[in-house]
Amino acid sequence: MTEVSSLTGRLLVATPALADPNFDRAVVLLLDHDEQGSLGVVLNRPTPVGVGDVLLPWAPLAGDPGVVFQGGPVALDSALGIAVIPGEDGPLGWRRVHGAIGLVDLETPPELLAAALGSLRIFAGYSGWGPGQLEAEVGEGAWYVVESEPGDVSFPDPQRLWRAVLRRQRSDLAMVATYPDDPSLN
């Protein structure tokens with residue numbers, strides 16, 4: 001069996017060649033990655049549904065734009081909370097994923113986390129890959145794998161996140177940020 005190097009906490013940035021419409025220009029934060037598979041959330045798919053419409057107690061803590069994000073095509077009837085909490089220790093109801101980024105237990109009373117939260121986003125559903133599936137997609141050129149930053153979780157203009165993440169890369173990858181939305185119009 002091949003050892004899998006964990007990509008937990010890193011970003012998957014969809015390449016222009018990725019044909020799956022679920023991931024067109026998607027930026028996925030990997031929350032878990034090991035030999036059993038991978039799980040993440042798409043950071044740049046806001047929905048028109050307000051957090052208060054589905055999780056009223058969490059609405060005051062959700063960052064702008066205050067809507068639920070579509071985390072992926074799997075289990076759209078479930079919710080995940082992702083929060084950035086600076087410092088060494090996180091409060092009860094929060095589990096560190098990578099750096100200051102962690103998962104919020106949405107069953108926890110929000111007031112237990114309110115003072116510690118740096119930012120919070122709520123995601124409906126998630127993106128998932130079986131064992132070896134993500135590695136195969138990366139090998140086929142479907143995804144760029146890059147480092148995440150805590151600000152990616154709460155990026156103020158989600159539609160611009162794909163370009164912003166690519167633009168900050170210190171390699172030829174930064175040039176991909178200029179790839180046109182519709183190359184046939186070039």
Fill in: Nearest heavy atoms of Leu43 and Asp152, plus distance in Å
CD1-O, 3.8 Å
Worksheet item: Roughly how far apart are Arg25 CZ and Arg160 CZ, rounded to 0.5 Å?
Response: 13.5 Å
Discussion item. Does Trp94 form a side chain to side chain contact (heavy atoms under 4.5 Å, CB included) with Leu103? I'd like the steps, not just the answer.
Written reply: CA-CA 6 Å; Trp94 180 80; Leu103 282 164; over 6 Å; no
Worksheet item: Does any non-hydrogen side-chain atom of Pro65 lie less than 4.5 Å from one of Arg121?
Response: yes
Worksheet item: Is there a donor-acceptor pair under 3.5 Å between the side chain of Trp58 and the backbone N or O of Pro110?
Response: no
Item to complete: Indicate, with yes or no, if Trp143 and Leu39 share a hydrophobic cluster defined by side-chain heavy-atom contacts under 4.5 Å among Ile, Leu, Val, Met, Phe, Trp and Tyr.
Response: no
Practice prompt. Hey, could you give me the OG/CD1 distance between Ser119 and Ile101, rounded to the nearest 0.5 Å?
Written response: 8.5 Å
Worksheet item: Side-chain heavy atoms under 4.5 angstrom apart, residues restricted to Ile, Leu, Val, Met, Phe, Trp, Tyr: same cluster for Leu30 and Tyr126?
Response: no
Item to complete: Quick one: do Asp105 and Arg95 satisfy side chain to side chain contact (heavy atoms under 4.5 Å, CB included)? Show the steps, please.
Response: CA-CA 8 Å; Asp105 177 356; Arg95 180 179 63 85; over 6 Å; no
Worksheet item: Heavy-atom distance under 4.5 Å between the side chains of Glu135 and Glu140, does that happen here?
Response: no
Discussion item. Any side-chain to backbone donor/acceptor pair from Arg96 onto Gly99? Under 3.5 Å, distance only.
Written reply: yes
Worksheet entry | Separation of Glu137 CD from Trp129 CH2 (nearest 0.5 Å) | 7.0 Å
Discussion item. Between Glu149 and Arg168, does the side chain to side chain contact (heavy atoms under 4.5 Å, CB included) criterion hold? Intermediate values first, please.
Written reply: CA-CA 11 Å; Glu149 295 181 0; Arg168 75 177 183 228; 3.5 Å; yes
Worksheet item: How far does CG of Leu7 sit from CG of Leu134, to the nearest 0.5 angstrom?
Response: 6.5 Å
Worksheet item: Is there side-chain contact between Tyr144 and Val176, with heavy atoms separated by less than 4.5 Å?
Response: yes
Practice prompt. Look at the side chain of Arg167 and the backbone N and O of Ala174, then say whether any donor-acceptor pair between them is shorter than 3.5 Å.
Written response: no
Discussion item. Just verifying a value: how many Å separate Ser38 OG and Asp32 CG, rounded to the nearest 0.5 Å?
Written reply: 7.5 Å
Discussion item. With side-chain contact (heavy atoms from CB on, under 4.5 Å) as the test, pick out the partner of Asn44 among Asp157, Val27, Val28.
Written reply: Val27
Worksheet item: Looking only at heavy atoms, what is the nearest atom pair of Gly81 and Ile122, with distance?
Response: CA-CD1, 4.1 Å
Discussion item. If I compare all heavy atoms of Gln169 with all of Val165, which pair ends up nearest, and what's the gap?
Written reply: NE2-O, 2.8 Å
Practice prompt. Work out which heavy atom in Phe23 is nearest to a heavy atom in Pro73; give both atom names and the distance.
Written response: CZ-CD, 3.9 Å
Worksheet entry | Cluster overlap Leu173 with Val138, hydrophobic side-chain contacts below 4.5 Å | no
Worksheet item: So, do Val67 and Val51 sit near enough that their side-chain heavy atoms are less than 4.5 Å apart?
Response: no
Worksheet item: For Pro86 and Val84, which heavy atoms make the closest approach, and how far apart are they?
Response: CD-O, 3.9 Å
Item to complete: Flag the pair Val41 / Leu31 as yes when at least one side-chain heavy-atom distance between them is below 4.5 Å, and no otherwise.
Response: yes
Practice prompt. State, yes or no, whether a side-chain contact exists between Thr108 and Leu106 at a heavy-atom distance under 4.5 Å.
Written response: no
Worksheet item: Does a side-chain heavy-atom distance below 4.5 Å link Glu147 with Leu11?
Response: no
Worksheet item: To the nearest 0.5 Å, what is the distance between OG1 (Thr8) and NE2 (His33)?
Response: 7.0 Å
Worksheet item: Is there a path from Leu161 to Val68 through hydrophobic residues (I, L, V, M, F, W, Y) whose side chains come within less than 4.5 Å of each other?
Response: no
Worksheet item: Side chains of Pro91 and Leu112: does their closest heavy-atom pair fall under 4.5 Å?
Response: no
Worksheet item: Are Leu80 and Leu61 connected in the hydrophobic side-chain network, where two residues link if heavy atoms are under 4.5 Å apart?
Response: no
Item to complete: Tell me, with the steps shown, if Val42 and Ser127 meet side chain to side chain contact (heavy atoms under 4.5 Å, CB included).
Response: CA-CA 7 Å; Val42 178; Ser127 302; 3.6 Å; yes
Item to complete: Could you tell me whether a side-chain N or O of Asp24 sits under 3.5 Å from a main-chain N or O of Pro21, the two making a donor and an acceptor?
Response: no
Discussion item. For the backbone of Ala142 and the side chain of Thr15, can you confirm whether one donor and one acceptor N or O come within less than 3.5 Å of each other?
Written reply: yes
